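Some notes on the structure that comes next.
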Protein chains: 2
Amino acid sequence: MDDSPRYRPLYRQVYDFLVKQIAEGDWRPGEMLPSEQALAAKLRVSQGTVRKALDTLATDKLIERRQGKGTYVVEQTQELSLFRFFRLASPGGQRAIPTSAAEIVKRRVAKPADIQQLHLDPGAPILEIRRTRLIEGRPVCWERIVIPLKMFPNLDRHHPMPNALYALYQREYGVNIASADEELSADLARGEDVRRIGVSAGAPILQISRIAVALNGSRAEWRVSRCDTRTFIYSVQLS
Amino acid sequence: MDDSPRYRPLYRQVYDFLVKQIAEGDWRPGEMLPSEQALAAKLRVSQGTVRKALDTLATDKLIERRQGKGTYVVEQTQELSLFRFFRLASPGGQRAIPTSAAEIVKRRVAKPADIQQLHLDPGAPILEIRRTRLIEGRPVCWERIVIPLKMFPNLDRHHPMPNALYALYQREYGVNIASADEELSADLARGEDVRRIGVSAGAPILQISRIAVALNGSRAEWRVSRCDTRTFIYSVQLS
DNA sequence: GAGTGGTCTAGACCACGCA
DNA sequence: GCGTGGTCTAGACCACTCT
């Protein structure tokens, strides 16, 4: 975490510059960046240095390189962001795309737990969303999403909320979700689990608590999902 | 998965050569590789090409580069492999190192489930290990590990089994575990859960089913862990 | 100071997508 | 055929480690 910049390689400076351009919306999602040559000339560095910076951006999934065509800012499409962060799949690996239902949106003031999870100031206004998620029409989990309104003013003018929130964060607020820390535990079904996903009380429930972290390191969202894993399981590859 | 080699970049060939050297034990874990210059001269390619191959090996965590010293084959030490694949932590992020107890080892013939998970031939001999895992002396989960004996002959001459099996796979059989696919689900505690980790029947249990994949892509181990997540949760970072 | 990996450059040529 | 990213080379210099 120290990142002490006692010595800052050129390609790192180029990287930072490019991130800034994207984060500030100078190049919009889906747009093509200038060519390596053009960037090198503009920044007065060699093409190889630009290339190294672009390669890093590509592994960070911020841009996409297409040989023969150009370099593009990655668009947080529904499929992309869902496949990246929605980890439920049928056993064996087939991933599934969820839909949403029974959505409740309300504004309130951050409680201690919200403050701790999102590193907010006491009294900060937040948005809380509750919704059920379905795969192939059947409810498999429900989630409570807490979002700081300071980072996303008037987010609740959308109703219902789009299925893929991260695309919205990027498109309308310029907030790119770069990574997510998830904590999983097992629990027993109770009240809202029973009502929303139709399991019986005392059934096993997989709980996922996720902090979504934006490119600049700030915490953009806290999401707790409670899932029925009888037919869809949580799938992850460690490497 | 196709990897069709209709055109094979030089650095890729160098990469494959280096992997082969390591996999065949020509360079042992902990040893230093020849310098970039030496490798370039030996393989008749430029230093830049060797460098690109070495960089890829480093991101694959097969080697470690230390500026001013040299390039070393990564040693699958206990800490390393446990921190990489053992995902239980206290809420908030503090990772913990487990110990083992109550181990049972037996040889048997692969059942249909083993055959499916490990892609074995019918009738293949396997080793099954059951053991309880403790953090800070308290049992938090137990696991059943299935290992093909063809890949690890006479693995059961060790007793008890070392705490970090992957270090053993690497040291004695030259098998490097490169990645792991995990499937998580929630379940209710029953028989062996109650006996081994002291939860009451019907308590929530987090089940983790893991396939460990070796460098060459073959499936080296199937492990099912059943965990009590009241004090330690499963923690993962998606990016 | 010698040897290692890390950065940076300049230039050539290859593979690909498209008009 | 042109423009793009992808590969490969050769060489210079920098930063780090150890003797």
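Per chain, numbering begins at 1; letters A, B, ... match sequence-line order. The basis for the numbers below is simple: all heavy atoms, side chains too, and nothing from hydrogens, waters or symmetry mates. This structure is a prediction, so every number in the text was calculated from the model and none was measured.
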Side chain of B/Pro9 (C-beta onward), nearest among D/dC8, C/dT9, C/dC16: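 For the B/Pro9 side chain, the nearest candidate turns out to be D/dC8.
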Go through C/dG5, C/dT7, C/dA10 for me and flag the one nearest to the A/Tyr11 side chain.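 Taking heavy atoms from C-beta onward, the closest nucleotide is C/dT7.
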Test for a donor-acceptor pair under 3.5 Å between the base of C/dG5 and the side chain of B/Arg51, counting only N and O atoms.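 Such a pair does not exist between side chain and base.
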Using only side-chain N and O atoms of [X], determine if any of them is under 4.0 Å from OP1 or OP2 of [N].
X       : N     : value
B/Arg65 : C/dG6 : yes
B/Thr71 : C/dG5 : yes
B/Lys52 : D/dT7 : yes

Can you confirm if the NZ or CZ of B/Arg66 lies within 45° of the ring axis of B/Tyr72 and under 6.0 Å from the centre of its six-membered ring?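 Satisfied, under 6.0 Å and within 45°.
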Would you kindly give the [atom1]-to-[atom2] distance between [X] and [N], to the nearest whole Å?
X       : N      : atom1 : atom2 : value
B/Arg44 : D/dC8  : CZ    : C1'   : 16 Å
B/Gln47 : C/dT9  : CD    : P     : 17 Å
B/Glu64 : D/dC16 : CD    : P     : 18 Å
B/Ile63 : C/dT4  : CD1   : C1'   : 14 Å
B/Gln67 : C/dT7  : CD    : C1'   : 9 Å
B/Arg12 : D/dT7  : CZ    : P     : 11 Å
B/Leu54 : C/dT4  : CG    : P     : 13 Å

Could you check whether atom CZ of B/Arg138 has more than 12 heavy atoms from other residues, nucleotides or ligands sitting under 6.0 Å from it?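 It does not: B/Arg138 CZ has 12 such atoms or fewer within range.
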Pairing donors with acceptors under 3.5 angstrom, does anything connect the side chains of A/Tyr169 and A/Gln76?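 The criterion, which ignores hydrogens and geometry beyond distance, is not satisfied for A/Gln76 and A/Tyr169.
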Using heavy-atom distances to pick each residue's nearest nucleotide on DNA chain C, tell me which of B/Glu36 and A/Gly48 is more 5'.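 Counting from the 5' end, the first nearest nucleotide belongs to B/Glu36.
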Map A/Leu10 and A/Lys69 onto DNA chain C by nearest heavy atom, then report which one ends up closer to the 5' terminus.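 First, find each residue's nearest nucleotide; the 5'-ward one identifies A/Leu10.
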Does this structure show an ion pair linking B/Glu64 with B/Lys69, if we count only N-O contacts that are shorter than 4.0 Å?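 Judged by the 4.0 Å cut-off on N to carboxylate O distance, B/Glu64 and B/Lys69 do not form a salt bridge.
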A side-chain contact here means heavy atoms from C-beta on lying under 4.5 Å apart; do A/Pro98 and A/Val140 qualify?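 A/Pro98 does not reach A/Val140 side chain to side chain.
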